[in-house]
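Below is one structure, written out as C-alpha cells, with a few remarks after it.
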Amino acid sequence: MNLRWRWRWRRRWVRRRLLELEAENAKFSSQLANCRCHEKEDKRSAVSCDSSLETSRKSNSGSKKITKEIVKEKVPGYDTRIMNHHCKRYVALKVMYFGQRFYGFAAEAQMDPTIESEIFKALEKTRLLVGDKKESHYSRCGRTDKGVSAVGQVIALYLRSNLKETCENNEGSRKMVFKEQYGEIDYVRVLNRALPDDIRVFGWCPVPLGFNARFSCLGREYYYLFWGENLNLLAMESAGRKFIGEHDFRNFCKMDALNVHNYRRKVTSFAISPCDVRCDENQLWAIKIKGSAFLWHQVRCMVAVLFLIGQGHESPDVIDALLDTDRIPRKPQYSMAPEIPLVLQSCEFEGLNFTCSSDSMQALRVHLANECQNYHLKAAIFHEALQSCLPIEKDQRSLDNGTVKKKSSHVPLMSRPTEPSYEERRAKLNTRHKD
C-alpha cells in the first residue's frame, strides 16, 4: 500500500508540474507574439526614440501572425537591429584620412580596405550605428579614388545619442523637446579610438533632416602637391587661370557616359603656392583648385596637362583648345597625374560648425604629431639610402663610358590618338542595351 500511495503521489505531482510549465510557456508565447522590438521606425526625426505610450498601444493591440524574416548578413557578435530602441540624431562628421593603402573612399568597389568600410567597422564596434547603412540615411560629400587623401571629407548619418526626446502640446501642435540626460556622446573621441591610425574624425555637427553631404555641399577644394624643380611655374599658373569659370571639361576627365550626361562644371579659383617643405633645395608646391563640383579624375587630368606646360612640351594655349569641345570633340590620349599627391582639402557648407571637445582635440594633436614624426623618420631613412647610393652611381657612370640614354620624344596632344566622343559612347551603350 505504501508503494502504491507513493506512485499515485508522484503521478499527481508530475501532472501538476506539467500544467505549471504549460502555463508559463503560454505566457511567454503571448509576450513574444506582442513584441515589436524589431519593427522598423517609419518616423524620421533629428533625435528620435520610442515612446512608452506607443509601445503600450502596440502591446495591447492583440497578437498577430508572426512572419519569418530573412536573416541578413551581419558582423559576428553585433546585430544593429538591437540598437533601434536607442535615441538617435542626424549628424555630420568631418573626416581626415591618408589614402595610400586604401582602394578609394567608397565601399561599393568590392575591394578592401576602403575608408568607408573602416568607418562603418568603427561605428559598429562602438555601437554608434543605429540600424543598417541604408536605415542610417548615410551620405558622403566626395567619392575620392584609390590613393587619394582628404583632410576635409564630410559624411552624414544617424548616430546613437544621449539626448532624450519628449513630446509637448503647444496650441494643438506636437512639439519635440530634446533634453540632455547624461551629456552628448563625444563622437570624436569614441570613433578615433576604434579607427586605424590613418583615419581620424576631426569634428561633428548636428544637421537638419533634409541635409545631404553630397548635394548640400556648396564647394569643394582640392590640393595637388608637387616638387617645383625644372618646372615653369609662371606658365603653369597662367595656364591654370584659364580653367576659372564654367566650361565643358569632357577633355579633362575620365568619361562616364552611362551615368554622366552634363560635363559642364564651374571652377571658382585656381592658384599655385609654395609649401613649408624642402628637400635638397627642392621646394614643395601646391596647386589649389576650388569649384562647385568635379568630374571623375578631373583634377588629375587638369594637373597632367599643366605639367606638360610646365615642362615646356605644350603651350598654355592648349588649355583653350581642349576647353573648346566644338573644336576638339574627342579627348587626346594622355596619362593622368599620380593619385598620391591629391588631397580633398575642404568641403563648404552653409551653417555647419564642426565641434570637438578639448580632450579629443588634444588627443588629435598628439596623434597627428606622432604620425608626422614617423613619416619624417621614414623619409630620413630613404634619404640616407639615397646618399649611400651616390658613389655607386658615379662608378656606374664611368663603366658606361659616358653613354647617355636617348630621351623619349614628346608627341603634342593635338597630334595624339583620341578617345571616343560622348555621342559615340552613348550610341555604343544604346546598341548594347538593344542586343
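This structure is a prediction, so every number in the text was calculated from the model and none was measured.
- A 4.5 Å side-chain heavy-atom check between L129 and L157 finds at least one atom pair inside the cut-off.
- Note: F211 and F349 have tilted aromatic rings, judged against thresholds of 30 and 60 degrees for the angle between ring planes.
- Looking at heavy atoms from C-beta onward, F252 lies in side-chain contact with I319 at the 4.5 angstrom threshold.
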task = Apply the test salt bridge (Lys or Arg N to Asp or Glu O under 4.0 Å) to residues K288 and E221: give CA-CA distance (whole Å), side-chain angles for both, the deciding distance (0.1 Å), then the verdict.
result = CA-CA 7 Å; K288 304 176 183 179; E221 185 174 15; over 6 Å; no
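- Residues F249 and F243 form a side-chain contact, since some pair of their non-hydrogen atoms from C-beta on lies under 4.5 Å apart.
- Between the CG atom of L93 and the CG atom of L123 there is a distance of 7.5 Å, given to the nearest 0.5 Å.
- Formation of a donor-acceptor pair under 3.5 Å by the R300 side chain with backbone atoms of A337 is found in this model.
- Distance alone, capped at 3.5 Å, is enough to place a donor-acceptor pair between the R160 side chain and the R127 backbone.
- Note: N162 CG to I185 CD1 = 4.5 Å, rounded to the nearest 0.5 Å.
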request  = Let me see the working for I287 and F270 under side chain to side chain contact (heavy atoms under 4.5 Å, CB included), right down to the final yes or no.
outcome  = CA-CA 7 Å; I287 297 176; F270 177 93; 3.5 Å; yes
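- Here the OG1-CZ distance, from T114 to F102, works out to 8.0 Å after rounding to the nearest 0.5 Å.
- Within 6.0 Å of atom CG in N353, 12 or fewer heavy atoms from other residues, nucleotides or ligands are found, so the atom counts as exposed in its surroundings.
- Between the side chain of S346 and the backbone N or O of G152 there is no donor-acceptor pair closer than 3.5 Å.
- Ring centers of F105 and Y97: under 6.0 Å apart, within the cut-off.
- Taking every heavy atom of both residues into account, T268 and I244 meet most closely at O-CG2, 4.1 Å.
- Salt bridge annotation for K428-E424: absent, with no cationic side-chain nitrogen under 4.0 angstrom from a carboxylate oxygen.
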ask   = Passes side chain to side chain contact (heavy atoms under 4.5 Å, CB included), V277 versus L225? Steps please.
value = CA-CA 11 Å; V277 178; L225 304 174; over 6 Å; no
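- In this structure a side-chain-to-backbone donor-acceptor pair under 3.5 Å is missing from H137 to Y158.
- Between Q283 and P274, the closest heavy-atom pair is NE2-CB, 4.0 Å.
- Residues I119 and V201 are not in side-chain contact: their nearest non-hydrogen atoms beyond the backbone lie 4.5 Å or more apart.
- A salt bridge links D248 to R250: one of the charged nitrogens lies within less than 4.0 Å of a carboxylate oxygen.
- Rounding to the nearest 0.5 Å gives a distance of 14.0 Å between CD1 of I381 and CG of L386.
- Not counting sequence neighbours, D324 has no partner by the salt bridge (charged side-chain N to carboxylate O under 4.0 Å, His left out) test.
- A donor-acceptor pair is defined here as one N or O able to donate and one able to accept, closer than 3.5 Å; no such pair exists between the side chain of E246 and the backbone of R264.
- For P338, the side-chain contact (heavy atoms from CB on, under 4.5 Å) partners at least two apart in sequence or on another chain are Y224, P341.
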request  = Tell me, with the steps shown, if Y422 and H261 meet side chain to side chain contact (heavy atoms under 4.5 Å, CB included).
outcome  = CA-CA 9 Å; Y422 170 74; H261 307 287; 3.0 Å; yes
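- For Y90 against S136, the heavy-atom pair with the smallest separation is CE1-O, 4.2 Å.
- Between N251 and V305 the shortest side-chain heavy-atom distance does not fall below 4.5 Å.
- Here the CG atom belonging to L159 is positioned 13.5 Å from the SG atom belonging to C87, to the nearest 0.5 angstrom.
- With a 6.0 Å radius and a threshold of 12 heavy atoms from other residues, nucleotides or ligands, H376 has its NE2 atom at or below the threshold.
- No side-chain heavy atom of T126 sits less than 4.5 Å from a side-chain heavy atom of Y187.
- For the residue pair T325 and Y263, no side-chain donor N or O sits within less than 3.5 Å of a side-chain acceptor on the partner.
- Using modelled atom types, one side-chain atom of E135 and one backbone atom of D132 make a donor-acceptor pair closer than 3.5 Å.
- Within 6.0 Å of CZ on R189 lie more than 12 heavy atoms contributed by other residues, nucleotides or ligands.
- Contact check for N232 versus I309: no side-chain heavy atoms found under the 4.5 Å cut-off.
- The shortest non-hydrogen separation linking R200 to L195 is NH1-O, 3.7 Å.
- Looking at R220, its side chain does come within 3.5 Å of a backbone N or O of S292 through a donor-acceptor pair.
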request  = Take E184 and L163, measure what side chain to side chain contact (heavy atoms under 4.5 Å, CB included) needs, and give me the verdict at the end.
outcome  = CA-CA 7 Å; E184 187 52 289; L163 296 188; 3.6 Å; yes
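- When all heavy atoms of K331 and C301 are compared, the pair lying nearest together is NZ-SG, 3.8 Å.
- Checking side-chain atoms of R101 against main-chain N and O of F98 turns up no donor-acceptor pair under 3.5 Å.
- Formation of a donor-acceptor pair under 3.5 Å by the S149 side chain with backbone atoms of G99 is found in this model.
- Of all heavy-atom pairs spanning M414 and A321, the tightest one is SD-CB, 4.5 Å.
- L191 has its side chain out of reach of W204: every pair of non-hydrogen atoms, C-beta onward, lies at least 4.5 Å apart.
- Contacts of K133 classified as salt bridge (charged side-chain N to carboxylate O under 4.0 Å, His left out), with partners at least two apart in sequence or in another chain: E116.
- Rounded to the nearest 0.5 angstrom, L323 CG and K242 NZ are separated by 9.0 Å.
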